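Below is one structure, written out as structure tokens, with a few remarks after it.
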2 protein chains.
Amino acid sequence: MKIDFDGIQAFVVIAELGGFSKAAEHLHVTQTALTRRLQKLEAYLGLRLLDRTTRYVELTVVGREFLPQAQTIVGDVTRAVSRLKDVSSRSRGNFTLACIPTMASQMLPKAMRRYAETHPGNRIRIIDASGFEVRDAVLHGQAELGIGLPTESHVELEEALLLEEPYMFFCREEHPLSRKKQIVWSDLHEAELIGISTMSANRIFLDYQLAKRGIKLSGTYEVRHLSTAIGLVAAGVGVAILPNSTLEEGARPGLCRIPLTSPTIKRKIVILRKRNSTLSPAASAFFDLVLDQAGSS
Amino acid sequence: MKIDFDGIQAFVVIAELGGFSKAAEHLHVTQTALTRRLQKLEAYLGLRLLDRTTRYVELTVVGREFLPQAQTIVGDVTRAVSRLKDVSSRSRGNFTLACIPTMASQMLPKAMRRYAETHPGNRIRIIDASGFEVRDAVLHGQAELGIGLPTESHVELEEALLLEEPYMFFCREEHPLSRKKQIVWSDLHEAELIGISTMSANRIFLDYQLAKRGIKLSGTYEVRHLSTAIGLVAAGVGVAILPNSTLEEGARPGLCRIPLTSPTIKRKIVILRKRNSTLSPAASAFFDLVLDQAGSS
DNA sequence: AGAATTGATTCTATACTCGCATAAGTGGCG
DNA sequence: CGCCACTTATGCGAGTATAGAATCAATTCT
């Protein structure tokens with residue numbers, strides 16, 4: 001049983017326009033083809049749908065009954081198909097992106113602006129979550145893409161480097177170290193250090209990097225979000241070691257940002273996608289755009 | 001733009017069954033064919049609908065979005081098509097029949113009983129109306145078939161003879177003529193004749209037939225329906241000349257039915273259909289059945 | 001490591017659909 | 001009554017597409 005969509009479409013158009021020739025012109029095929037399509041459909045069904053002489057074309061009783069159904073079928077199919085062609089050719093559609101908060105307020109806005117220019121109308125749903133949650137969201141399909149920290153090369157994840165940023169020392173202008181051009185790790189007094197929760201991917205990474213070099217750090221205070229840490233520093237509670245992009249340049253006048261060296265430790269920001277899964281064109285375009293932006297900066 | 005229903009169906013079945021081979025079995029084609037159908041559809045759309053390895057087949061984001069639409073499309077089409085095949089192969093369906101009242105209570109019941117045996121579930125809508133109305137109903141498509149009197153060979157109508165029946169003389173047993181075995185037209189006393197309205201096709205036909213033979217008839221009373229005339233005869237108002245089938249044999253004990261000769265005038269009952277129009281299988285089956293019944297009686 | 005499963009590919013034969021040219025049917029007009 | 005204009009149907013040839021058989025390739029399970 002081989003169902004013939006062309007035949008149904010032929011039937012609908014012929015019935016609507018009231019003639020084979022007119023319908024043929026409308027469908028950009030010859031009248032011959034339409035005659036044959038309808039004949040084939042009728043033969044397949046075993047019924048006559050159109051009574052036609054060389055003068056008139058009119059619906060049979062069965063044809064009149066079938067026409068509305070045929071119309072909705074043809075309508076549904078052409079609508080669905082043309083929508084999909086739109087999705088593919090112009091990358092129309094929406095997608096979901098998971099992103100860690102710092103990047104959501106730093107790098108993401110610029111990318112979204114550029115994306116909006118090239119793909120007006122496409123919406124991006126953003127899940128802003130911790131590094132772990134970003135990874136899981138991508139892994140479980142809640143988000144097609146993720147921006148976050150590198151994973152331990154998970155088999156089902158594929159990651160591409162977006163940027164590297166050094167950890168910096170943040171303090172108030174009144175702080176004794178604020179005048180230095182650069183700071184080494186041994187300069188730090190643990191007592192006043194505001195740390196990030198040991199549950200965070202950020203902290204785990206930093207601890208690991210420091211441990212490799214024999215450095216151990218344990219602050220007095222512990223918060224979960226980088227932005228909270230910045231707030232505490234600004235309030236004079238202490239100092240903090242945070243990724244450079246935590247604070248936009250010149251966003252908080254009273255705060256100093258000083259490079260940390262010996263060693264300089266950098267964290268990587270990557271864009272994540274599920275391996276072996278095809279991105280929607282909308283997400284794919286965004287992926288390309290972000291990679292391009294990363295490569296050119 | 002050539003839309004591929006097979007491809008959409010392949011997509012749906014593969015997605016639902018989760019594998020090409022299973023889907024191939026279900027559709028009674030080879031796995032090769034399905035691979036190709038899906039490839040063709042994807043190429044046409046310019047996107048991937050299924051991410052597949054040799055181990056898993058799973059929907060892409062776009063595929064997941066398209067699946068419900070595809071399912072309704074496939075469902076609608078197969079449902080509509082199989083219904084039509086049902087209509088054609090088993091003459092399923094309803095139709096409308098126009099019929100003059102006498103035949104509706106005489107010949108029609110038997111035909112309907114036989115039809116119901118061979119085509120259970122098919123409904124017949126019956127328009128019982130005058131001879132003229134029957135003709136118009138068929139002509140204007142309100143009814144596919146009509147049972148009534150012959151028309152003046154209307155170009156757009158085709159008629160087939162069902163039966164011929166003589167006009168008979170009806171009177172009460174007390175009537176002076178009731179003992180005769182047959183009656184000739186000159187026996188009639190016009191004064192007590194119950195006529196049919198001159199608007200009726202029946203009356204026009206009868207008048208025409210009599211006029212050809214130089215007989216003119218004009219009753220005192222005039223009614224519109226044959227059944228009313230019978231009622232009046234039974235009530236002793238007068239006598240009437242009516243088609244034989246107006247009264248079933250033995251239906252009214254007190255009434256006599258006597259042949260009218262010199263000449264015997266018969267009216268024809270025909271089944272009408274529109275010329276050059278295709279009947280629905282349901283109506284066609286009924287048409288054949290009625291003709292068969294007429295031929296064998 | 002090998003067997004089993006499953007989707008992809010290659011090759012070939014068949015079937016299909018189309019378009020051209022033309023026939024055939026139908027209503028209108030002189 | 002027959003010719004003309006218009007519309008659908010058909011014969012035929014060709015190019016394309018589609019299906020199936022056999023085989024390959026990748027992956028998992030034992």
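Residue numbering restarts at 1 for every chain, and letters A, B, ... go by the order of the sequence lines. Keep in mind that this is a model prediction, so the values were computed, not measured. The analysis underlying the following values was restricted to heavy atoms, covering all of them including side chains, and did not include hydrogens, waters or symmetry mates.
- A straight line from NZ of B:Lys40 to C1' of D:dA19 spans 13 Å, rounded to a whole angstrom.
- Note on B:Arg275 versus B:Glu159: no salt bridge recorded, every NZ/NE/NH1/NH2 to OD/OE distance being 4.0 Å or above.
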May I have the step-by-step check of side-chain contact (heavy atoms from CB on, under 4.5 Å) for B:Val62 and B:Leu49, ending in yes or no?
-> CA-CA 6 Å; B:Val62 177; B:Leu49 295 173; 4.3 Å; yes

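- In this structure, B:Leu27 places its CG atom 11 Å from P of D:dA19, rounding to the nearest Å.
- What separates NZ of A:Lys2 from P of D:dT18 is a distance of 7 Å, to the nearest Å.
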Protein-proximity profile, nucleotides 3-11 of chain D, B/S/- by nucleotide at the 4.0 Å heavy-atom cutoff, equals ----BBBBB

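- A straight line from CG of A:Asp4 to P of D:dA17 spans 17 Å, rounded to a whole angstrom.
- We find that CZ of B:Arg37 is positioned 9 Å from P of D:dT18, with the value rounded to whole Å.
- Nearest heavy-atom pair, A:Ser88 versus B:Leu45, reported as atom, atom and distance to 0.1 Å: OG-O, 2.6 Å.
- Rounded to whole Å, atom P of C:dT6 lies 16 Å from atom CG of B:Leu50.
- The NE2-P distance, from B:His28 to D:dG20, rounds to 12 Å in whole Å.
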Expected list for residues 28-35 of chain A: side-chain donor-acceptor pairs under 3.5 angstrom, two or more places apart:
{"from": "A:Thr30", "atom 1": "OG1", "to": "A:Ala33", "atom 2": "N", "distance (Å)": "3.4"}
{"from": "A:Gln31", "atom 1": "NE2", "to": "A:Thr35", "atom 2": "OG1", "distance (Å)": "3.1"}
{"from": "A:Thr35", "atom 1": "OG1", "to": "A:Gln31", "atom 2": "O", "distance (Å)": "3.2"}

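- With sequence neighbours excluded, no residue satisfies salt bridge (Lys or Arg N to Asp or Glu O under 4.0 Å) with A:Arg123.
- For the pair B:Tyr44 OH and D:dA17 C1', the computed distance is 16 Å after rounding to whole Å.
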